[in-house]
2 protein chains.
Amino acid sequence: MTQRAIPLHRRIRAAIEAKILSGEWPPGTRIPTEAELAATYDCARMTVNKALTDLAADGLIERRRKSGSVVKRPVLQSAVLDIHDLKAEVEAAGFTYRYTIATRKIRQATRADCERLQLAKPVPVLALSCLHLADDRPFCWEDRLISLAAVPQAQDATFIHQSPGAWLIGEVPWSAAEHRISAVSADASLAALELAPGTPCLAIERRTWDAEQPVTHVRLIYPGDAHALVARFAPSKAG
Amino acid sequence: MTQRAIPLHRRIRAAIEAKILSGEWPPGTRIPTEAELAATYDCARMTVNKALTDLAADGLIERRRKSGSVVKRPVLQSAVLDIHDLKAEVEAAGFTYRYTIATRKIRQATRADCERLQLAKPVPVLALSCLHLADDRPFCWEDRLISLAAVPQAQDATFIHQSPGAWLIGEVPWSAAEHRISAVSADASLAALELAPGTPCLAIERRTWDAEQPVTHVRLIYPGDAHALVARFAPSKAG
DNA sequence: CTGTTCATTATGTCTATACATAACAACAAG
DNA sequence: CTTGTTGTTATGTATAGACATAATGAACAG
């Protein structure tokens, strides 16, 4: 008859996580000290310490002595799939990064849009397509759909200084994501990439949610021979 | 002048991890109880508990009350890149899984083999190519190189009951891995997949080490339209 | 004004203790 | 032989207290 027993330190962890995920404590916020949290939840500091250590291990907060713990900026991609920060990727490789917006349309979600965003009902959406260039050579085509129901402020965003992906990371506090990687053949819709028809390309689709609400769906196309997704890891995090 | 201070619980964690990674405690081993370890390292049980909790969080061990903690079977692939357990994948989808070995050769590593395995010096290698089938329809071509210097017992393995990938997981205690995903075009070497030339394919390369020693390099080719790599995750592990 | 020292503060680590809980085993009752 | 009870064991959770350590800033000496 008793409710399922959830350990205190997990409940505290969940409570803090909720404040971060909801945006109540945006990135950069200094969260209360261990002693304060211990008083809030009426428990020992060690218990709070466990909760915070846990959150730090999962990368939601960063801990520093004396200055306290702060909410970390979300790293939307896992380390394994982090080629999506195109600007950083390109600049790390020593090229200059540039991108252009090819199309930008606001419309009521079509049947296909609902499918892409996994929307139950049609809502207004912003449809974008962009071309990413490294040293002025096209290397990635982006096809994006943003739900204006979830991110109404996208309607007025110009995306001049920031690509839609980077902008969204700053606007939507945190999210879950689903990736899909496949291989496709270059066709006329990818003319901007200046590829011979039939060139194999890597297609990466990502669907993002914030609190169960669809936020965005993006499809990135790379020429398969020029770029590759590299992931390196060990089973343990190393001591 | 004092040596850099490494916390006790980390040192204990590292010591246990070393026994697991070295193969001294192979998967399935029941590791000593917290009380025993506390005696061994002359510290409190809570300190050992922290080390073990840490190892469990990283998936190296599994903890069960009463029966104690056991070394887990390594999950060579991260959750994000786990389509490599082809048999499980296929059977989960409701198909029957089968695979055939197309070629099997033992040779001194060629220049290209050294490149693939990142070998400093040529060593004897086992080169395999296999075809994986779902419901008797080919769906993945595997091209594998195994270093016989690292895994001499591969020389006598028949790979009749187990595919080379599954066999290796059981033989090599634990490892680091590097993945590379790209898109390629089907050509004559993939005739076994029965694809039209030029069909875009997903190529997944994986290179595996055990204790700095190259173990295996594998190249998996999937038809890009038929299969896709799906990864789903949230930034936090959920409470 | 500059650099050093030192106290303060918040987190990091560790201990000893206590009780809760899950799993297993052994034994008793049906 | 099956079922239920009970005890043992190992882990799980939580606490209070102690000391270590890093970062910060303020007081202070040059």
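Throughout, a chain's letter reflects where its sequence line sits, starting with A, and its residues are numbered from 1. Just so it is clear, the structure is predicted and the values come from calculations on it, not from any experiment.
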**Item:** 5'-most by nearest nucleotide on DNA chain D - A:S67 or B:T33
**Value:**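 It is B:T33, whose closest nucleotide lies nearer the 5' terminus.
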
Atom pair distance, as rounded to whole Å: [atom1] in [X] and [atom2] in [N]:
{"X": "B:E62", "N": "C:dA23", "atom1": "CD", "atom2": "P", "result": "12 Å"}
{"X": "B:I61", "N": "D:dA10", "atom1": "CD1", "atom2": "P", "result": "15 Å"}
{"X": "B:L37", "N": "D:dA10", "atom1": "CG", "atom2": "P", "result": "12 Å"}
{"X": "B:Y41", "N": "C:dT15", "atom1": "OH", "atom2": "P", "result": "14 Å"}

**Partner set under salt bridge (Lys or Arg N to Asp or Glu O under 4.0 Å) for A:D156, not counting sequence neighbours** =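 If we apply the salt bridge (Lys or Arg N to Asp or Glu O under 4.0 Å) test to A:D156, skipping adjacent residues, there are no hits.
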
**Message:** Once rounded to the nearest 0.5 Å, what's the spacing between atom OG1 of B:T216 and atom CG of B:L145?
**Reply:**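 Reported value, rounded in 0.5 Å steps: 7.0 Å.
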
Which residues satisfy the side chain to side chain contact (heavy atoms under 4.5 Å, CB included) test with [X], sequence neighbours excluded?
{"X": "A:S67", "result": "A:R64"}
{"X": "B:T100", "result": "B:R98, B:L131, B:L133"}
{"X": "B:K66", "result": "none"}

Please tabulate, for side-chain N and O atoms in residues 46-57 of chain B, each donor-acceptor pair with protein atoms closer than 3.5 Å (sequence neighbours left out).
from  : atom 1 : to    : atom 2 : distance (Å)
B:N49 : OD1    : B:T53 : OG1    : 3.1
B:N49 : ND2    : B:E34 : OE2    : 3.1
B:T53 : OG1    : B:N49 : O      : 2.7
B:D54 : OD2    : B:R13 : NH1    : 3.0

Please list, for nucleotides 12-16 of chain D, all pairs of protein and nucleotide N/O atoms separated by less than 3.5 Å.
from   : atom 1 : to    : atom 2 : distance (Å)
D:dG12 : OP2    : B:R63 : NH1    : 2.5
D:dG12 : OP2    : B:R63 : NH2    : 3.4
D:dG12 : O4'    : B:R65 : NH2    : 2.9
D:dG12 : O6     : B:R45 : NH2    : 3.0
D:dA14 : OP1    : A:L8  : N      : 2.2
D:dA14 : OP2    : A:L8  : N      : 3.2
D:dA14 : OP2    : A:H9  : N      : 3.1
D:dT15 : OP2    : A:A44 : N      : 3.1
D:dT15 : OP2    : A:T47 : OG1    : 2.2

